[in-house]
Structure formats: C-alpha cells, structure tokens
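Take a look at the structure set out below.
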Amino acid sequence: MAPNKYKNYTLNAGEKLLYGILFGFTYLLSLLPMRVLYLLSDVVLYPLLLLIRYRGKVIQRNLMSSFPEKSKKEIAQLQRDFYRYFGDLILETIKGISISKKEMNRRMQYHNIERIAELAGQGRSVVIYLGHYCNWEWVTSLGLHMPTEAYSCQIYHILQSKVFDKYMLHIRARMGTHNIPAVDTIRETIRLHKSKVPMVCGYIADQVPHWNNIHYWTNFLHHDTPCLSGAETMAKRFDQAVFYLDIRRVKRGYYEIDVIEMAEHSKDIPDWDLTEQYFRLLEKSIQRQPAYWLWSHNRWKRTREEYNQIMEARANNE
C-alpha cells in the first residue's frame with residue numbers, strides 16, 4: 001500500500017506560502033551531510049537553547065523530581081545534555097525530509113524485528129509502544145521491515161498549525177507508513193480488522209491524557225502519573241500482539257532498538273497490566289540514558305487530587 005498523508009489539506013494563500021518557504025528551506029538544509037548538520041547543532045542550536053533557556057523551568061522541575069538523588073550540579077549537566085540532544089533531534093527530524101531508505105536502515109538498527117514481521121505475515125495485528133525518547137520520528141522506518149500486506153502506521157495528534165501538521169505528516173509518511181489521527185483510531189482499526197488487513201501500529205503513550213481519558217495511574221519516575229490507556233484498550237479489544245521498542249542512542253545519528261514482546265495474545269492479559277508494563281519499560285530506558293527523553297514536556301500537570309475534585313463535581317451535577 002502506498003503511504004498517505006491521511007488528510008486532504010486546504011491551505012489558504014498565506015499558509016501555502018509559509019509551507020513552501022518552510023519546506024523549501026528545510027529540504028535544502030536536509031541535503032547537507034549529517035556531520036555538517038551536527039556542526040550546526042553545536043554552534044547554533046545548542047548555544048541558542050542555552051541562551052534562551054528553552055522551557056528551562058519545566059525541564060529543571062521535571063529532572064529534579066524524577067532524579068531526587070542527583071545533586072544540583074548533576075541536574076544542571078543533565079539539562080545541558082538534553083539541550084544538546086534536542087538540537088540534534090531537530091536537525092535529525094529535518095534530515096527525514098530527504099534521507100534515503102538505505103541510509104535510514106543503516107542508522108536505525110532493529111533487533112528482533114523479525115518477530116513483528118512474522119506475526120504480521122500471519123495476519124496478526126500488532127500494537128507497538130514507544131515514548132518521546134531518542135529519535136521517535138525515525139521509528140517510522142519500522143515500516144521498511146514489514147511485509148507488503150501489513151498496514152504500517154502511527155497514531156498522531158493533529159497540530160494546531162495546519163502548515164506544521166502537513167509538514168510533519170510528509171516526513172512521517174516518507175518511509176511507507178500511514179498517519180492516523182488519534183480521534184480516528186477506533187474507526188480505522190475496525191475498518192482494517194473487517195478487511196482482514198494486519199495492522200502494525202505505533203503508539204507514543206507517554207503523553208498527558210485528557211481528564212475524561214484517565215482510567216489508570218502508576219508511579220512513573222517518582223510521580224503519581226495518569227496514563228494513556230488507548231493502546232491497551234485497542235490491543236485487548238482486537239486481541240493484537242503487543243511490543244515495546246527499547247531505543248538506545250549508540251552515537252550521534254545512530255540508534256539500536258530492541259523489540260521486546262509484551263504479549264502475543266493481549267486479550268488474555270489482566271486489565272492495566274500492559275499499561276503498567278509499558279511504563280516500567282520506558283522508565284528503565286530513560287534511567288539508562290536520561291538526557292534523551294522529552295523533558296520539556298509538562299508531563300505531570302494533572303494531579304490525582306485535581307482529578308478526584310473534577311470527578312466529584314461531575315457526579316454532584318448529574
């Protein structure tokens with residue numbers, strides 16, 4: 001199946017101009033060798049991020065509360081390491097506009113990917129858990145390793161800017177994977193299930209759920225954390241196999257991914273066990289190389305106390 005951008009965008013004249021400028025400039029930038037892009041990261045993006053202290057208070061708060069055993073000096077170093085990596089990530093994402101499939105396969109090495117391909121070849125659908133960790137944008141390369149009959153895809157949240165949304169969808173579709181808006185996850189999964197098309201779908205599940213979608217809490221990096229449970233819900237409903245991608249950054253521009261099987265038949269797994277497994281695995285990945293998680297994300301802005309207050313108020317109004 002050919003990749004698609006899923007949405008039929010209608011940009012106005014101003015948006016088309018912005019998109020053309022953004023795409024044209026970054027496409028030319030993406031043609032530069034990786035070593036030149038990393039030089040730009042070192043001399044432009046990293047100093048800029050340090051200077052403006054991009055989301056500095058959020059990053060510092062997240063790091064301090066996640067690693068209470070670390071000193072202020074160690075936390076400051078972690079924050080600098082994050083800024084350095086974040087600059088690299090921006091340019092690696094831009095490189096995705098033009099990088100060849102051969103080059104992508106050289107830089108993203110999967111271990112045990114054959115297991116997912118085997119299940120997809122048998123007509124089984126697969127849920128893949130990952131987080132905003134290392135280069136999650138390049139994980140779209142997983143579709144290069146799947147059989148042609150599989151529908152390789154990722155769930156994404158539509159960006160407010162149509163220009164940037166279309167831009168990111170283009171990058172994410174280049175390696176042959178489809179983009180499914182989160183709001184259409186159930187509809188698309190049902191469609192593929194009825195058509196007997198095996199679905200290999202990635203879920204970035206470390207985001208903040210809306211109040212209505214909070215059904216489970218866990219302790220994650222020393223925080224009482226509300227969990228997105230959509231991946232588990234879909235997996236169990238359609239008895240999909242479940243895997244976690246344990247990503248390691250070997251060196252700049254090179255990653256290794258251990259494909260960890262969590263469940264072959266998810267319908268047999270107790271409720272919330274898959275979600276709990278995912279957060280334990282992700283926590284272990286982050287603790288191994290902590291600078292490579294998206295610390296600028298305000299992950300713990302929802303508290304259980306506020307959640308209980310909202311639920312109590314709703315119950316009283318019914």
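At least one donor-acceptor pair closer than 3.5 Å links the side chain of Asn316 to the backbone N or O of Glu312. Side-chain N or O atoms of Lys162 include none that pairs as donor or acceptor with a backbone N or O of Glu15 at under 3.5 Å. Using modelled atom types, no side-chain atom of Tyr292 and backbone atom of Ile247 make a donor-acceptor pair closer than 3.5 Å. In this structure, the side chain of Glu261 does not engage the main chain of Phe243 through any donor-acceptor pair within 3.5 Å. The closest donor-acceptor contact from the side chain of Thr177 to the backbone of Cys153 lies at 3.5 Å or more, if one exists at all. Distance alone, capped at 3.5 Å, places no donor-acceptor pair between the Ser195 side chain and the Leu192 backbone. A donor-acceptor contact shorter than 3.5 Å links the side chain of Glu74 to the backbone of Ser71. A donor-acceptor contact shorter than 3.5 Å links the side chain of Glu232 to the backbone of Thr275. Of the possible donor and acceptor atoms, one in the side chain of Thr140 sits under 3.5 Å from a partner among the backbone N and O of Glu137. Checking side-chain atoms of Tyr38 against main-chain N and O of Gly253 turns up a donor-acceptor pair under 3.5 Å.
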| So Tyr151 and Arg191, side-chain contact (heavy atoms from CB on, under 4.5 Å) or not? Walk me through it. | CA-CA 12 Å; Tyr151 187 94; Arg191 180 182 69 81; 4.1 Å; yes
| message | Run the salt bridge (Lys or Arg N to Asp or Glu O under 4.0 Å) test on Lys284 and Asp246 for me, step by step, so that the C-alpha distance in whole Å, both residues' side-chain angles and the decisive distance to 0.1 Å come before the verdict. | response | CA-CA 9 Å; Lys284 186 176 180 181; Asp246 184 20; over 6 Å; no
| Steps toward side chain to side chain donor-acceptor pair (under 3.5 Å) verdict (His145, Asn105) | CA-CA 9 Å; His145 303 274; Asn105 280 334; 3.3 Å; yes
| task | Would you please test Lys95 and Glu92 for salt bridge (Lys or Arg N to Asp or Glu O under 4.0 Å) and show each step? | result | CA-CA 5 Å; Lys95 186 67 177 180; Glu92 287 177 7; over 6 Å; no
| request: Report the C-alpha separation of Arg115 and Glu264 in whole Å, then their side-chain angles, then the decisive distance to 0.1 Å, and conclude whether the salt bridge (Lys or Arg N to Asp or Glu O under 4.0 Å) test is met. | output: CA-CA 10 Å; Arg115 177 58 176 157; Glu264 181 176 353; 3.2 Å; yes
| request: Using the side-chain contact (heavy atoms from CB on, under 4.5 Å) rule, take Ile113 and Leu142 through it: C-alpha gap first, then chi angles, then the decisive distance, then the call. | output: CA-CA 8 Å; Ile113 192 68; Leu142 185 142; 3.7 Å; yes
| Could you walk me through whether Glu149 and Val197 pass the side-chain contact (heavy atoms from CB on, under 4.5 Å) check? | CA-CA 7 Å; Glu149 62 267 26; Val197 176; over 6 Å; no
| salt bridge (Lys or Arg N to Asp or Glu O under 4.0 Å) between Arg302 and Glu306: does it pass, once the steps are laid out? | CA-CA 7 Å; Arg302 306 208 197 286; Glu306 188 177 5; over 6 Å; no
| Steps toward side-chain contact (heavy atoms from CB on, under 4.5 Å) verdict (Asn298, Lys301) | CA-CA 6 Å; Asn298 193 7; Lys301 63 183 178 182; 3.5 Å; yes
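Under the 3.5 Å distance criterion, with hydrogens and angles disregarded, no donor-acceptor pair is assigned to the side chains of Tyr85 and Arg249. A side-chain donor-acceptor contact under 3.5 Å links His265 and Asp239. Side-chain atoms of Gln77 and Arg80 form a donor-acceptor pair, as typed in the model, at a separation below 3.5 Å. Side-chain atoms of Tyr167 and Thr26 form a donor-acceptor pair, as typed in the model, at a separation below 3.5 Å. A side-chain N or O of Ser285 and one of Tyr244 form a donor-acceptor pair less than 3.5 Å apart. No donor-acceptor contact under 3.5 angstrom links the side chains of Ser98 and Arg174, judged on distance only. For the 3.5 Å distance criterion, the side chains of Arg280 and Asn219 fail to qualify, holding no donor opposite an acceptor. Side-chain contact annotation: His223 with Ser65, donor-acceptor N/O pair under 3.5 Å present. Side-chain contact check for Trp217 and Thr225: no donor-acceptor pair (N or O, by modelled atom type) lies under 3.5 Å. Checking Thr218 against Glu276 by side-chain atom types alone, a donor-acceptor pair falls below 3.5 Å.
Rounding to the nearest 0.5 Å places CZ of Phe23 at 8.0 Å from OG of Ser30. Atom NZ of Lys166 sits about 12.5 Å away from atom CG of Leu18, to the nearest 0.5 Å. A distance of 8.0 Å separates CD in Glu305 from CG in Asn308, rounded to the nearest 0.5 Å. From Phe86, atom CZ reaches atom CZ of Arg55 across 9.5 Å, with rounding to the nearest 0.5 Å. Here the CD1 atom belonging to Ile257 is positioned 8.5 Å from the CG atom belonging to Leu130, to the nearest 0.5 angstrom. Here the NE2-SG distance, from His178 to Cys201, works out to 11.0 Å after rounding to the nearest 0.5 Å.
For the pair Arg314/Asn317, no side-chain contact is recorded, criterion being any heavy-atom separation below 4.5 Å from C-beta on. Side-chain contact check for Phe238 versus Ile190: some heavy-atom pair is nearer than 4.5 Å. Side-chain contact between Met175 and Ile99: present, with at least one pair of heavy atoms (C-beta onward) separated by less than 4.5 Å. Side-chain contact between Arg53 and Gln79 is present, with at least one heavy-atom pair separated by less than 4.5 Å. Side-chain contact between Met199 and Thr189: present, with at least one pair of heavy atoms (C-beta onward) separated by less than 4.5 Å.
Each of Trp136, Phe220, Phe67, Tyr133 was evaluated against Trp293; a single residue qualifies, Phe220, per the ring pair (Phe, Tyr, Trp, His ring centres under 6.0 Å) test.
Within a 6.0 Å radius of CZ in Arg288, more than 12 heavy atoms belonging to other residues, nucleotides or ligands are found. No more than 12 heavy atoms of other residues, nucleotides or ligands shown are found within 6.0 angstrom of CE on Met64. Surrounding CZ of Phe164 are at most 12 heavy atoms belonging to other residues, nucleotides or ligands under 6.0 Å away. Enclosure of atom CD1 in Ile186 is not indicated, since only 12 or fewer non-hydrogen atoms of other residues, nucleotides or ligands lie within 6.0 angstrom.
A centroid separation of less than 6.0 Å is found between the aromatic rings of Tyr129 and Tyr278.
Listed here is the closest heavy atom pair of Trp138 and Asn135: N-OD1, 3.0 Å. Summarising the geometry of Leu228 relative to Pro209, their closest heavy-atom pair is CD2-CB, 3.6 Å, with the distance given to 0.1 Å. A pairwise comparison of heavy atoms in Glu283 and His222 identifies OE2-N, 4.5 Å as the closest pair. A pairwise comparison of heavy atoms in Val200 and Ala150 identifies CG2-CB, 4.2 Å as the closest pair. Closest heavy-atom contact between Ser296 and Ile59: CA-CG1, 3.6 Å.
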For residues 40-48, tabulate all N or O donor-acceptor pairs below 3.5 Å that involve a side-chain atom, not counting sequence neighbours.
| from | atom 1 | to | atom 2 | distance (Å) |
| --- | --- | --- | --- | --- |
| Ser41 | OG | Asp88 | N | 3.3 |
| Ser41 | OG | Asp88 | OD1 | 2.6 |
| Asp42 | OD1 | Arg84 | NH1 | 3.2 |
| Asp42 | OD1 | Arg252 | NH2 | 2.6 |
| Asp42 | OD2 | Arg252 | NH1 | 3.2 |

